[in-house]
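Nothing fancy with the numbering, it's 1 onward along the sequence. Everything numeric in this text was worked out from a predicted model, so none of it was measured. Numbering of ligands and ligand atoms starts at 1, following listing order.
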Amino acid sequence: MPERGLVIAIDGPAASGKGTLARRLAAHFGLPHLDTGLLYRATACALLDDGRPLDDIRAAVEAARGLALCDFDEARLRSRELGEASSVVAAIPQVRAALIEMQRSFASRSEGAVLDGRDIGTVICPDAVVKIFVTASAEKRAQRRALELASRGERVDYAHILEDIRRRDERDSGRSSAPLKIADDATRLDTTDLDIEEAFAAACAIVQEKAALAG
Ligand SMILES: Nc1ncnc2c1ncn2[C@@H]1O[C@H](COP(=O)(O)OP(=O)(O)O)[C@@H](O)[C@H]1O
Ligand SMILES: Nc1ccn([C@@H]2O[C@H](COP(=O)(O)OP(=O)(O)O)[C@@H](O)[C@H]2O)c(=O)n1
């Protein structure tokens with residue numbers, strides 16, 4: 001285990017299983033976890049609640065600066081509507097800038113941390129000892145997200161969810177500010193044919209290997 005506390009950066013496209021792995025790894029290694037997607041979802045939510053357009057930069061930055069993690073209504077934030085809206089506000093460089101310090105300060109806790117998102121290994125924690133880039137086919141991700149949303153009581157249509165996922169992947173990868181991409185020193189973990197336990201075992205093996213290398 002490194003002296004400064006283990007930092008685990010998990011990135012990947014929508015519904016690849018990042019959050020599930022990040023939560024499990026955090027519990028397993030006794031580390032705090034930050035789901036950074038919720039910050040963008042909450043920023044978008046504040047704009048929608050205020051009746052502001054998603055491209056209102058000033059209002060979006062104000063919303064991002066005013067976020068209070070403890071007030072998050074996760075059930076609402078994880079809705080399909082906010083998945084889409086969050087990727088629109090996440091493309092605004094000033095919004096990203098407003099959220100950097102909060103994320104870096106979470107990551108610099110002495111005990112270490114697990115963060116998951118799109119730019120953790122590339123921008124937020126470029127020095128993280130462990131970086132995992134989680135992927136899965138778009139079809140598998142759409143199936144998982146459809147099941148998840150249905151279990152939360154949302155009416156879902158697989159074809160629409162697949163469209164959402166493809167559109168969001170394109171927007172997240174194509175933006176100029178901190179686009180979704182694999183860090184040079186990240187390990188790719190394709191979960192298409194892995195169940196949650198298998199994916200977790202593979203992620204644990206990556207963490208053990210990287211942490212051992214870091215001494
Ligand atoms: N390997 C897996 N096999 C089957 N279902 C999975 C797997 N990983 C995650 N899931 C499920 O898929 C949905 C999306 O996973 P989540 O971890 O929220 O993805 P992300 O954080 O990348 O959006 C959740 O309902 C989760 O339980
Ligand atoms: N570190 C991050 C995390 C999320 N995001 C944005 O926030 C949106 C929602 O992220 P999320 O992780 O909650 O989305 P899912 O992968 O759970 O569907 C993404 O589509 C990105 O546009 C980001 O830009 N950077």
Return yes or no for this condition: an N or O of [X] is under 3.5 Å from an N or O of ligand 2.
X	result
Asp119	yes
Arg145	yes
Arg96	yes

Identify the protein heavy atom lying closest to [atom], giving its residue, its atom name and the separation to 0.1 Å.
atom	result
atom 6 (C) of ligand 2	Ala90 CB, 3.6 Å
atom 16 (P) of ligand 1	Thr20 OG1, 3.6 Å
atom 24 (C) of ligand 1	Glu148 OE1, 3.6 Å
atom 7 (C) of ligand 1	Ile196 CG1, 3.4 Å
atom 22 (O) of ligand 2	Asp172 OD1, 2.6 Å
atom 4 (C) of ligand 1	Arg144 NE, 3.5 Å
atom 12 (O) of ligand 2	Arg118 NH1, 3.0 Å
atom 7 (O) of ligand 2	Tyr40 CB, 3.5 Å
atom 1 (N) of ligand 1	Leu194 O, 2.9 Å
atom 22 (O) of ligand 1	Lys18 NZ, 2.8 Å
atom 8 (C) of ligand 2	Ser86 OG, 3.2 Å

Run the contact test for Lys18 against ligand 2 with a 4.0 Å cut-off on heavy atoms, strictly below, and give the result.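 Contact present.
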Using non-hydrogen atoms of the residue, decide whether Gly19 is closer than 4.0 angstrom to ligand 2.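 Judged by the 4.0 Å heavy-atom criterion, Gly19 does not count as contacting ligand 2.
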Where does [X] meet ligand 2, judged by heavy-atom distances below 4.0 Å: at the side chain, the backbone, both, or neither?
X	answer
Ser16	neither
Arg171	neither
Arg168	side chain

How close do Arg141 and Ala136 get, heavy atom to heavy atom, and via which atoms?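 For Arg141 and Ala136, the tightest heavy-atom pair comes out as NE-O, 2.9 Å.
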Test item: Lys18 side-chain N/O and Arg118 main-chain N/O as donor-acceptor pair under 3.5 Å: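 A pair under 3.5 Å: no.
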Asp195 neighbourhood, listing ligand 1 atoms whose heavy-atom distance to it stays under 4.0 Å: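 Ligand 1 atoms under the 4.0 Å threshold to Asp195: 1 (N), 2 (C), 3 (N).
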Per-atom contacts of ligand 1 with Gly17, taking only distances under 4.0 Å to non-hydrogen atoms: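 Atoms satisfying the 4.0 Å criterion: 8 (N), 9 (C), 15 (O), 16 (P), 17 (O), 19 (O), 20 (P), 22 (O).
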Please determine which of Gln103, Arg96, Lys181 meets the side chain to side chain donor-acceptor pair (under 3.5 Å) test together with Asp119.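 That would be Arg96.
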Identify, by atom number and element, the atoms of ligand 2 in contact range of [X], meaning under 4.0 Å from any of its heavy atoms.
X	value
Thr36	1 (N), 2 (C), 3 (C)
Ala15	16 (O), 18 (O)
Gly117	1 (N), 2 (C), 3 (C)

Assess whether a salt bridge exists between [X] and [Y], defined as any Lys/Arg side-chain N lying under 4.0 Å from an Asp/Glu carboxylate O.
X	Y	result
Arg104	Glu101	no
Glu154	Arg145	no
Glu197	Arg24	yes
Glu148	Arg152	yes

Would you say Asp49 has more than 12 foreign heavy atoms packed within less than 6.0 Å of its CG?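 For Asp49, atom CG is crowded (more than 12 foreign heavy atoms under 6.0 Å).
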Purely on distance, is any nitrogen or oxygen of Arg23 under 3.5 Å from one on ligand 1?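 The answer is no, given that Arg23 and ligand 1 share no N or O pair closer than 3.5 Å.
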